[in-house]
Each structure stands twice: as structure tokens, then as C-alpha cells.
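We number each residue from 1, following the sequence as shown. As the structure is a computational prediction, the values presented were derived from the model and not from experiment.
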Amino acid sequence: MGRLFLVVGLVISSCFLVNFPIVYSYLTLLSVLILALMAFCYRTYDNKHNFSCDVIIPAYNEGEHIFETVKSVMQSNYQNFNVIVIDDGSADDTRYWIKKAQEMFPDRVKTVLFDQNRGKKHALAAGIRESNSDYIVTIDSDSVIDKDALYNILCPFAHQNIGAVAGDIHVQNLDKGIIPKIMDVIFIYAYELFRCSQSRLGSVLCTPGALSAYRRSALEPLLDTWLAQKFLGHATAIGEDRALTCLLIRNHWDIVYQESAMAYTNMPEKYRDLCKMLLRWLRGDMRENIMLTPFIIKNISFRNVKSIGLLFHFTVFNIGTFAPAVLFPILIVYYACNFHEFLIVGPCLGMIALMWTILPTLIYMRKKSFKNAFHSITYTVFTLTLLSWIPGYALLTMNNNSWLTRNAKKKKNKQVLIRNQELS
């Protein structure tokens, strides 16, 4: 087996050295074809059940959004659940809205209140330890869910090998500018192509914070490891959803995607906030990809279809994560110095860019509508220009654990002071 990897590695390395853009183009097209075929075979889970669950919602500086989130959960068609809301030491009037939700649903909503901010990971862990059900659903405090989402996201747990389920996430604030519209196109594309194909072999690589579900028996033994996780000697505080998913993968649980469990979340509306969010996501992905690599290598088995599927999806994910940060800057410098060679490989690079533009457009048109599908073109232009610096900077600052988008200072306005006085 070692010789096989050595030979394959040398062949691929030689190809890349000879003409990386052309090799990359063909490998990209091949991987997309495989993903599309696997995604085409995806089917939602439709197992009848009456599972009870605890819905855990961590909140930090979320204000009235948390109230709307709890209301959307309480309006579910499925009623075999309770809600646990955790205030992670908010500095605004979040606690006021949490208390208001508890007063409206006193028999169904339980609260955990932190005196100071500890981070989303600790807030989630506190909620999990406060829960009693065999199944746990996590929802972000700026998200709302469909009325059938709770029932649908629990359906896959009829299969005992499934440890976690990823929900289907859409953008809620589509009327707030061009950035949310762009992100909705990319969300639909990522879920329809990547999550669907990954789910076929139980290899979903991230359970999103906006809506996910976990089997308690799979989750509980991992909590201490999850909370104590470090990278390069520093405690990890971002990418908590990806980190938890990777721990479940290491413990050989299947993780699937449930397209019929839909949630709607708010996206940044300004360029600065979008950059902060993407930086946080990329740092978490890079860190977790590096930490998961030894497990992937150690557990490769070409006799096991799931092992091959996990290796394939992990490889595709790594190329998508690290290539823009490492390989693309090198190529830009090289072809700037050897522009005559760029004229030869330029059509291949253009083909890749065109494919990554057209494919999301077609998927969005099939899933939703023609109205905003053209924003995949906007995203391509946006990525190649205003967002091109993010992968490289994320790689250089992987150990930066700043949340970035929730560092609001305590608001001193009159309304917040009055509401906090009401609570005390």
C-alpha cells in the first residue's frame, strides 16, 4: 500500500510540475462530475418516528432575533420537544428577549444564563448537559426554521449508524442588499452539490450551526474533548460546528444531510462583515482539515466504499480550501513573469471559472427561481477581486480565534438600560 501511495504521489507531483493549470482543470471537471452523479442519487430520509428532542439555542448579543428564533421553533408542527436557551453573557438586551420568550412559553422553554461571555462552544455544551432527551437539535439565535424542520431532521436517526444530521440552510434577509442574495446562491449550490453527494456515504463534513441534530449517545462522550481542543497550543474557539463534526467522524459515526429540514439565517449585509464571516469560516475549515488528516490517512481502506468516499470528499474539500491560499498566489506571480505561457493555459483557467459560474446558476434555477440565479456571476467576480485576499490571510492567521462579528461593546442606550433594570 505504501508503494502505491508513493507512485501515485510522484505521478501527480510530476503532472503538476509539468503543467499544473491543465491538470487542475481536468481533475476539477472529473471531481465535479463525480459529485454531480452522487448528488443525483441523493434521497431524503422519510422514516416515521416520535422521537423527543431538546432544541438548544445559544445567544450572544442577538437582541430581539432570539425571540423570533424561539417563536419559530414553538410554531413547529412537531411538538415532542423542549427548548433550552443559553445567554452567553450578552452585553445588549438579549437576556430581556430570552426572558420574554420564557414567559410566553413557560412550560417549554428553559434558560441558562452566563454572567460573562464564554464562547459559543461552552454555551452549546452547557445546553447539551442541561438536556434530557436522546436527540439534540441546535439552532443559531439569528435563524428561524420551517414548521416541519424538527420532525424531518430527526427522521434519519431511525438508522442506528447515524450520529448527526445537517439541515438545509437558506438566507433569510434577501431583501437587504446584494450580499445576502449572493450568499443564498452559494448556499443552495453548496448544499445541492456537496452536501447531497457527501450524504450518500454518510460523509457530510460539517453540521451547520443554523440547524443540525445529534444523537445524544454519540455526542455526550465527546464534549470534554471538544471543549479542551487545542491547535498549535491554543484553545480553539471558532468553527465549533466543524470541530464537532470531525470528532464524530473520528468516532466512526455516519453524518448525513436532510434536505427537507429547512432553516433560514441572516447573512452579513456589508462587505466588511462578509469578510469577517468568511475569515472565521476559513480559519476553522483549515484548522480542522489539518487535524483530521491523520485519521483519514490511517483509516484508508480501498475495500470499504465509505472509506473511499470520505477520502474523496475530504480531498475535494482540502483542494477547495487550500488551493486559493497556496497555489493560486504562486501561479499569479509565475504567469505575471511568464505571460506568454499564460496565453497558452488561459483558456483552461477560463473554463474553470466559467464552470464554477454556470453550475451554481443552473442549480439555483432548478431549486428556487431564475430571479437571483445570475448572482453566481456576481460572486465569481467578487471572489476574484474583493475576496481574493481572504484565503491567504486566513492561512497566515489560522490561530486567530476572534469571532469578529459579535464583538459588540455594551450598548448604553436608554432602552437597553430600562430592560436590564426590569430583569434585575
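- Side-chain contact between Pro360 and Ile188 is absent, with no heavy-atom pair separated by less than 4.5 Å.
- Around CG of Asp115, the count of heavy atoms belonging to other residues, nucleotides or ligands within 6.0 Å does not exceed 12.
- Judged as a salt bridge (Lys or Arg N to Asp or Glu O under 4.0 Å), not a single pair has a partner in residues 352-365 (not counting sequence neighbours).
- In this structure, the side chain of Asn80 engages the main chain of Asn50 through a donor-acceptor pair within 3.5 Å.
- Side-chain atoms of His375 and Tyr364, non-hydrogen and from C-beta on, never get closer than 4.5 Å to each other.
- In this structure, CG in Leu174 is found 11.5 Å from CD1 in Ile182, a value given to the nearest 0.5 Å.
- Side-chain N or O atoms of Tyr42 include one that pairs as donor or acceptor with a backbone N or O of Glu259 at under 3.5 Å.
- Arg216 and Ser133 share no side-chain donor-acceptor pair at under 3.5 Å.
- A side-chain donor-acceptor contact under 3.5 Å links Ser131 to the backbone of Ile128.
- Checked options Ile139, Ile145, Asp142; the residue passing with Thr69 is Ile139 (criterion: side chain to side chain contact (heavy atoms under 4.5 Å, CB included)).
- Considering only heavy atoms from C-beta on, Ile84 comes within 4.5 Å of Ile86 through its side chain.
- Judged as a side chain to side chain donor-acceptor pair (under 3.5 Å), and not counting sequence neighbours, Gln116 has no contacts.
- At a threshold of 4.5 Å between non-hydrogen side-chain atoms, the residues Met74 and Phe81 count as touching.
- Remark: Glu269 does not engage Lys176 in a salt bridge, criterion side-chain N to carboxylate O under 4.0 Å.
- A donor-acceptor contact shorter than 3.5 Å links the side chain of Arg283 to the backbone of Thr397.
- The side-chain contact (heavy atoms from CB on, under 4.5 Å) test applied to Met365 returns Thr361, Phe370, Ala373, not counting sequence neighbours.
- Thr44 pairs by the side chain to side chain donor-acceptor pair (under 3.5 Å) definition with nothing, not counting sequence neighbours.
- For the residue pair Tyr264/Ser72, the side-chain donor-acceptor check at 3.5 Å is not satisfied.
- For OH of Tyr393, the number of neighbouring non-hydrogen atoms (other residues, nucleotides, ligands) closer than 6.0 Å is 12 at most.
- A pairwise comparison of heavy atoms in Cys246 and Leu292 identifies SG-CD2, 3.9 Å as the closest pair.
- The list of salt bridge (Lys or Arg N to Asp or Glu O under 4.0 Å) pairs with a residue in residues 185-195, not counting sequence neighbours, reads Glu192-Arg366, Glu192-Lys367.
- Among residues at least two apart or in separate chains, there is no salt bridge (Lys or Arg N to Asp or Glu O under 4.0 Å) pair with a member in residues 144-164.
- A ring pair (Phe, Tyr, Trp, His ring centres under 6.0 Å) check over residues 132-162, counting only residues at least two apart or in different chains, returns the pairs Tyr45-His159, His49-Tyr151, Phe51-Tyr135, Tyr78-Tyr151, Tyr135-Phe157.
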For residues 307-325, dump all side-chain donor-acceptor pairs below 3.5 Å to protein atoms at least two apart in sequence or in another chain.
| from | atom 1 | to | atom 2 | distance (Å) |
| --- | --- | --- | --- | --- |
| Ser307 | OG | Asn299 | O | 3.1 |
| Ser307 | OG | Ser301 | N | 2.9 |
| His313 | NE2 | Ser197 | O | 3.4 |
| Thr315 | OG1 | Leu311 | O | 2.7 |
| Asn318 | OD1 | Asn289 | ND2 | 3.4 |
| Asn318 | ND2 | Phe314 | O | 3.0 |
| Thr321 | OG1 | Phe317 | O | 2.8 |

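- A donor-acceptor pair under 3.5 Å is absent between the side-chain atoms of Trp253 and the main chain of Leu247, judged by distance alone.
- Ring geometry for Tyr257 versus Tyr191: interplanar angle of 30 to 60°, hence tilted.
- Qualifying side chain to side chain donor-acceptor pair (under 3.5 Å) partners for Asp241, counting only residues two or more places apart in sequence or in other chains: none.
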Could you go through Glu68 and Lys71, starting from their C-alpha distance and side-chain angles, then the distance that decides it, and tell me whether this counts as salt bridge (Lys or Arg N to Asp or Glu O under 4.0 Å)?
CA-CA 5 Å; Glu68 298 301 322; Lys71 278 205 307 181; 3.8 Å; yes
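- Considering every non-hydrogen atom in both Pro208 and Ala166, the closest pair reads CD-CB, 3.5 Å.
- For the 3.5 Å distance criterion, the side chains of Thr236 and Lys121 qualify, holding a donor opposite an acceptor.
- Checking side-chain atoms of Asn401 against main-chain N and O of Ala235 turns up a donor-acceptor pair under 3.5 Å.
- Between Ile179 and Pro268, the shortest heavy-atom distance links the atoms CG2-O, 3.2 Å.
- Put simply, CG on Asp168 and SG on Cys196 are 8.0 Å apart, with the number rounded to the nearest 0.5 Å.
- Across every non-hydrogen atom of Ser402 and Ile238, the tightest pair is O-CG2, 3.8 Å.
- The backbone N or O of Ile162 lies less than 3.5 Å from a partner atom in the side chain of Arg215, making a donor-acceptor pair.
- The side chain to side chain donor-acceptor pair (under 3.5 Å) test applied to Arg200 returns no partner, not counting sequence neighbours.
- By the 4.5 Å heavy-atom criterion applied to side chains, Val185 and Phe374 are not counted as neighbours.
- Ionic pairing of Arg280 and Asp273 is not present here: no N-O contact between side-chain nitrogen and carboxylate oxygen is shorter than 4.0 angstrom.
- The environment of CG in Asp46 is sparse: at most 12 heavy-atom neighbours from other residues, nucleotides or ligands sit within 6.0 Å.
- A donor-acceptor pair is defined here as one N or O able to donate and one able to accept, closer than 3.5 Å; no such pair exists between the side chain of Asp88 and the backbone of Ala123.
- At least one donor-acceptor pair under 3.5 Å links the side chain of Thr94 to the backbone N or O of Gly63.
- Residues forming a salt bridge (charged side-chain N to carboxylate O under 4.0 Å, His left out) with Asp54 (at least two apart in sequence, or on another chain): none.
- A pairwise comparison of heavy atoms in Arg287 and Phe231 identifies CG-CG, 3.3 Å as the closest pair.
- Counting only N and O atoms by type, the side chains of Trp281 and Asp285 include no donor and acceptor under 3.5 Å apart.
- Pairs engaging residues 389-398 under the salt bridge (Lys or Arg N to Asp or Glu O under 4.0 Å) rule: none recorded [sequence neighbours left out].
- Residue Thr265 comes nearest to Ser143 through the heavy atom pair OG1-OG, 3.0 Å, listed as atom of the first residue, atom of the second, then distance.
- Checking side-chain atoms of Thr245 against main-chain N and O of Thr207 turns up a donor-acceptor pair under 3.5 Å.
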